[in-house]
Undergrad: 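Dumping the structure here so I can ask a few things about it.
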Amino acid sequence: MHIRPEHPGDLPARDALIAAAFAHHPHSDGSEVPLLHALAADGDLALSLVAEDDDGSLLGHLALSPVTVSDGTPGWYGLGPMAVCPEAQRQGIGSALVREALAWMAMRNAGGCVLLGDPAFYARLGFAPVPGLVLPGFPEAYFLGVVLASPAPQGTVGYARAFGLG
């Protein structure tokens with residue numbers, strides 16, 4: 001497996017992979033593919049990574065977009081959506097994508113990253129609730145972050161317009 005930045009030619013395969021990965025997910029409304037297109041159109045897709053196998057078939061995808069924090073702390077990102085094709089799940093592809101995204105942020109001196117996700121999965125990668133950092137309307141246990149530069153911000157997180165959260 002190889003992880004690399006997404007290329008324009010990846011979009012049809014990426015979109016099919018994401019649709020398949022979220023097709024039966026209990027917390028999906030099917031908006032992940034249009035969300036990625038909207039993030040890109042708005043200039044809010046900071047990083048779009050793909051994982052591919054040796055023959056170039058896409059196995060996974062991860063997106064990062066900038067987020068704001070009400071206290072003005074700069075350099076924070078939101079992770080998601082992230083998807084792994086159903087046939088390749090539970091093989092470490094999602095974890096590898098997250099580690100690559102964290103390395104990308106660290107190289108850019110980012111402050112940190114937040115996401116909405118399964119605490120059991122993301123805790124292994126260093127994510128946990130960040131005291132004082134909130135996303136209103138979502139369960140605290142599933143709003144997770146990783147602080148890359150201290151101090152941790154305090155305030156409300158705002159996602160890119162495409163997410164439709166505000």
Undergrad: Sequence neighbours excluded and cut-off under 3.5 Å, please list the side-chain donor-acceptor pairs for residues 96-115, or say none.
TA:
from: R108; atom 1: NH1; to: W104; atom 2: O; distance (Å): 3.0

Undergrad: Which heavy atom of P136 sits nearest a heavy atom of T156, and at what distance?
TA: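 Looking at all heavy atoms of both residues, the closest pair is CD-CG2, 3.5 Å.
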Undergrad: Please, which pairs that meet side-chain hydrogen bond (donor to acceptor under 3.5 Å, both in side chains) have at least one residue in residues 67-95, sequence neighbours excluded?
TA: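 Listed by first then second residue: D71-T73.
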Undergrad: To the nearest 0.5 Å, how far apart are NE2 in H7 and OG in S48?
TA: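 H7 NE2 to S48 OG: 10.5 Å, rounded to 0.5 Å.
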Undergrad: Distance-only check: which donor-acceptor pairs under 3.5 Å involve side-chain atoms of residues 137-152, not counting sequence neighbours?
TA:
none

Undergrad: Does L62 reach the side chain of L79, with side-chain heavy atoms less than 4.5 Å apart?
TA: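 In contact.
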Undergrad: Step by step, work out the side-chain contact (heavy atoms from CB on, under 4.5 Å) result for H37 and V33.
TA: CA-CA 6 Å; H37 287 271; V33 171; 3.6 Å; yes
Undergrad: V50, L35: one ILVMFWY side-chain cluster at the under-4.5 Å cut-off?
TA: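 Shared cluster, yes.
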Undergrad: When rounded to the nearest 0.5 angstrom, what distance separates CD1 in I18 from CG in L11?
TA: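 Answer for the CD1-CG pair, I18 versus L11, is 9.5 Å.
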Undergrad: Side chain of Q154, backbone of P131: donor and acceptor closer than 3.5 Å?
TA: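 Yes, because the side chain of Q154 sits within donor-acceptor range (under 3.5 Å) of the backbone of P131.
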Undergrad: Between L125 and L133, is there a shared hydrophobic cluster once you connect ILVMFWY residues whose side-chain heavy atoms come closer than 4.5 Å?
TA: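 Different clusters.
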Undergrad: Kindly write out the residues that satisfy salt bridge (Lys or Arg N to Asp or Glu O under 4.0 Å) with E6, not counting sequence neighbours, or none if the list is empty.
TA: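 Salt bridge (Lys or Arg N to Asp or Glu O under 4.0 Å) list for E6, sorted by chain: R14.
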Undergrad: Output all residues satisfying salt bridge (Lys or Arg N to Asp or Glu O under 4.0 Å) with D42, sequence neighbours left out; order by chain, then residue number.
TA: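 With neighbours one apart ignored, the set is R161.
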Undergrad: Looking at side-chain heavy atoms only, is the closest gap between S31 and F22 below 4.5 Å?
TA: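 They are not in contact (no side-chain heavy atoms under 4.5 Å apart), so the answer is no.
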Undergrad: Can you name the nearest heavy-atom pair linking A160 to L39, along with the distance?
TA: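 Heavy atoms only, the tightest pair is CB-CD2, 3.6 Å.
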Undergrad: L58 versus C85: any side-chain heavy-atom pair under 4.5 Å?
TA: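 With C-beta onward as the side chain, the pair stays apart.
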Undergrad: Give the minimum heavy-atom separation between P12 and P8, together with the two atoms involved.
TA: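 Closest heavy-atom pair between P12 and P8: CD-O, 4.5 Å.
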Undergrad: Flag yes if V157 and L47 sit in one hydrophobic cluster, no otherwise; membership is Ile, Leu, Val, Met, Phe, Trp, Tyr, and two members link when side-chain heavy atoms are under 4.5 Å apart.
TA: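 No; tracing contacts between hydrophobic side chains, which count when under 4.5 Å, never links both residues.
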Undergrad: If you take all heavy atoms of A51 and I3, which pair is closest and at what distance?
TA: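 Looking at all heavy atoms of both residues, the shortest contact is CB-CG1, 4.1 Å.
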Undergrad: Would you give the length of the straight line joining atom CZ of F163 to atom CG of L116, rounded to the nearest 0.5 angstrom?
TA: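 It is 9.0 Å, given to the nearest 0.5 Å.
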Undergrad: Contact between S65 and L45 at the side-chain level, heavy atoms closer than 4.5 Å - yes or no?
TA: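 A side-chain contact under 4.5 Å is absent here.
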Undergrad: Could you list the residues that satisfy salt bridge (Lys or Arg N to Asp or Glu O under 4.0 Å) with D10, not counting sequence neighbours?
TA: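 Applying salt bridge (Lys or Arg N to Asp or Glu O under 4.0 Å) to D10 gives R4.
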Undergrad: Give the minimum heavy-atom separation between L17 and H61, together with the two atoms involved.
TA: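 So the minimum-distance heavy-atom pair works out to CD2-N, 4.3 Å.
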Undergrad: Looking at every non-hydrogen atom in both residues, tell me the closest pair between L59 and E52 and how far apart they are.
TA: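 Closest pair (atom of L59, atom of E52, distance): CD1-C, 4.0 Å.
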Undergrad: Report yes or no: do L49 and Y122 belong to one cluster of Ile/Leu/Val/Met/Phe/Trp/Tyr joined by side chain heavy-atom distances under 4.5 Å?
TA: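 In one cluster with L49: Y122, yes.
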Undergrad: Assess the residue pair H2 and D54 against the criterion (side-chain hydrogen bond (donor to acceptor under 3.5 Å, both in side chains)); give the C-alpha distance rounded to whole Å, side-chain angles, the decisive distance to 0.1 Å, and a yes or no.
TA: CA-CA 8 Å; H2 173 70; D54 292 338; over 6 Å; no
